Amino acid sequence: MIDAAEYFAAARNVKLPLVFEHYGVPMKDPDALPKLAMLLIFDLVPGFQMTMKTPAKKRGRKNTWDWIACGRLYRDMRDEIVSRQQRKSADCSELAACKALLKREPWRSMPSVKKVKTLYNRFLETKNSEWAKIFGLDENLRDTSLASLAFASLVDDWKPPENARSES
């Protein structure tokens with residue numbers, strides 16, 4: 001006869017991989033549990049639930065930007081600008097960095113980003129958002145707290161959603 005503890009343990013072992021799959025976190029990843037924990041926190045804890053402040057649209061293309069995409073854009077912009085400054089590039093502006101990013105993945109694959117100005121506008125929204133303030137990112141694109149490291153691996157793994165790539 002199976003006791004209740006064994007029954008619930010077996011049920012949990014069946015359901016846990018489904019949670020990892022739902023959030024797109026590979027179970028074999030060494031950082032799987034911290035990634036899953038961060039995604040669950042952002043989904044379930046009200047203080048961590050943030051959205052970009054853009055007006056709701058009733059028509060048009062579905063928004064493919066989430067907080068991870070915005071974080072990846074912010075981080076890639078910061079890295080590109082710092083790289084340009086270290087190379088003593090003539091143009092270290094945010095607009096020039098957007099132009100360089102648009103030539104690389106994953107930004108080249110984003111159907112909603114066809115023009116440099118579009119990517120630049122999304123960057124400005126991200127830079128001035130509640131998200132940037134909570135994670136301690138300042139206007140000079142520097143990390144001002146360790147909180148931004150908590151989701152760094154999630155941002156590294158971000159790719160545009162598959163269904164977004166097929167849209168035109």
Side-chain angles (χ1 to χ4, degrees), residues 23-26 29 31 34-36 38-168:
Y23 282 97
V25 178
D29 185 342
D31 296 324
K35 286 180 182 179
L36 181 62
M38 289 303 296
L39 289 168
L40 285 167
I41 286 170
F42 283 111
D43 266 2
L44 302 174
V45 178
F48 283 92
Q49 294 172 355
M50 293 170 277
T51 58
M52 298 299 295
K53 293 182 180 178
T54 55
K57 290 183 182 179
K58 293 183 181 179
R59 297 183 299 157
R61 179 179 285 140
K62 186 177 176 183
N63 188 3
T64 57
W65 289 85
D66 58 8
W67 64 270
I68 299 176
C70 292
R72 174 74 183 262
L73 173 61
Y74 198 94
R75 201 236 12 231
D76 287 357
M77 282 290 293
R78 182 192 62 212
D79 293 348
E80 179 66 27
I81 290 170
V82 167
S83 171
R84 287 170 168 271
Q85 289 169 343
Q86 289 172 346
R87 290 188 317 238
K88 300 195 185 328
S89 177
D91 193 357
C92 297
S93 69
E94 292 172 348
L95 206 53
C98 281
K99 191 174 185 177
L101 286 183
L102 202 53
K103 295 176 183 175
R104 298 193 303 250
E105 292 296 338
W107 310 112
R108 183 175 46 203
S109 297
M110 285 288 286
S112 60
V113 180
K114 301 280 187 222
K115 299 178 182 174
V116 174
K117 190 70 174 163
T118 305
L119 190 63
Y120 180 66
N121 288 338
R122 183 59 73 165
F123 169 70
L124 291 179
E125 287 175 17
T126 302
K127 181 176 161 181
N128 299 322
S129 72
E130 183 180 327
W131 176 90
K133 293 178 188 99
I134 287 181
F135 282 103
L137 302 168
D138 70 4
E139 63 280 352
N140 296 316
L141 304 177
R142 292 184 307 238
D143 290 333
T144 58
S145 74
L146 293 176
S148 63
L149 298 176
F151 69 95
S153 60
L154 292 171
V155 168
D156 287 338
D157 294 342
W158 178 83
K159 295 176 191 77
E162 289 298 322
N163 58 356
R165 288 189 188 148
S166 63
E167 294 176 6
S168 298

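Keep in mind that this is a model prediction, so the values were computed, not measured. Scope of the values below: all heavy atoms of this structure, side chains included, with no hydrogens, waters or symmetry mates. Nothing fancy with the numbering, it's 1 onward along the sequence.
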Donor-acceptor under 3.5 Å (T118 side chain, K114 main chain): no

Going by heavy atoms in the side chains, are L101 and L73 under 4.5 Å from each other? yes

Within-4.5 Å side-chain heavy-atom neighbours: M38 and Y23: no

List the atom of [X], the atom of [Y], and the distance in Å for their closest heavy-atom pair.
X    : Y    : result
K127 : Y74  : CA-CE1, 3.5 Å
K115 : L102 : C-CD2, 3.7 Å
A97  : I81  : CB-CG1, 3.7 Å

Name the residue from R104, K99, E94, R75 that meets the side-chain contact (heavy atoms from CB on, under 4.5 Å) definition with E80. R104

Checking side-chain contact (heavy atoms from CB on, under 4.5 Å) against C98, which of V116, D76, V113 comes through? V116

Under the criterion side chain to side chain donor-acceptor pair (under 3.5 Å), I'd like the reasoning laid out for R87 against S83: C-alpha separation, chi angles, the key distance, then a yes or no. CA-CA 6 Å; R87 290 188 317 238; S83 171; 3.1 Å; yes

Checking R72 against W107 for the side chain to side chain contact (heavy atoms under 4.5 Å, CB included) test, could you report, in this order, the C-alpha distance in whole Å, the side-chain angles of both residues, the deciding distance, and whether it holds? CA-CA 10 Å; R72 174 74 183 262; W107 310 112; 3.5 Å; yes

Closer than 4.0 angstrom, basic N to acidic O: yes or no for R84 and D91? no

Rounded to the nearest 0.5 Å, the CG atom of L36 sits from the CG atom of D31 at a distance of 12.0 Å

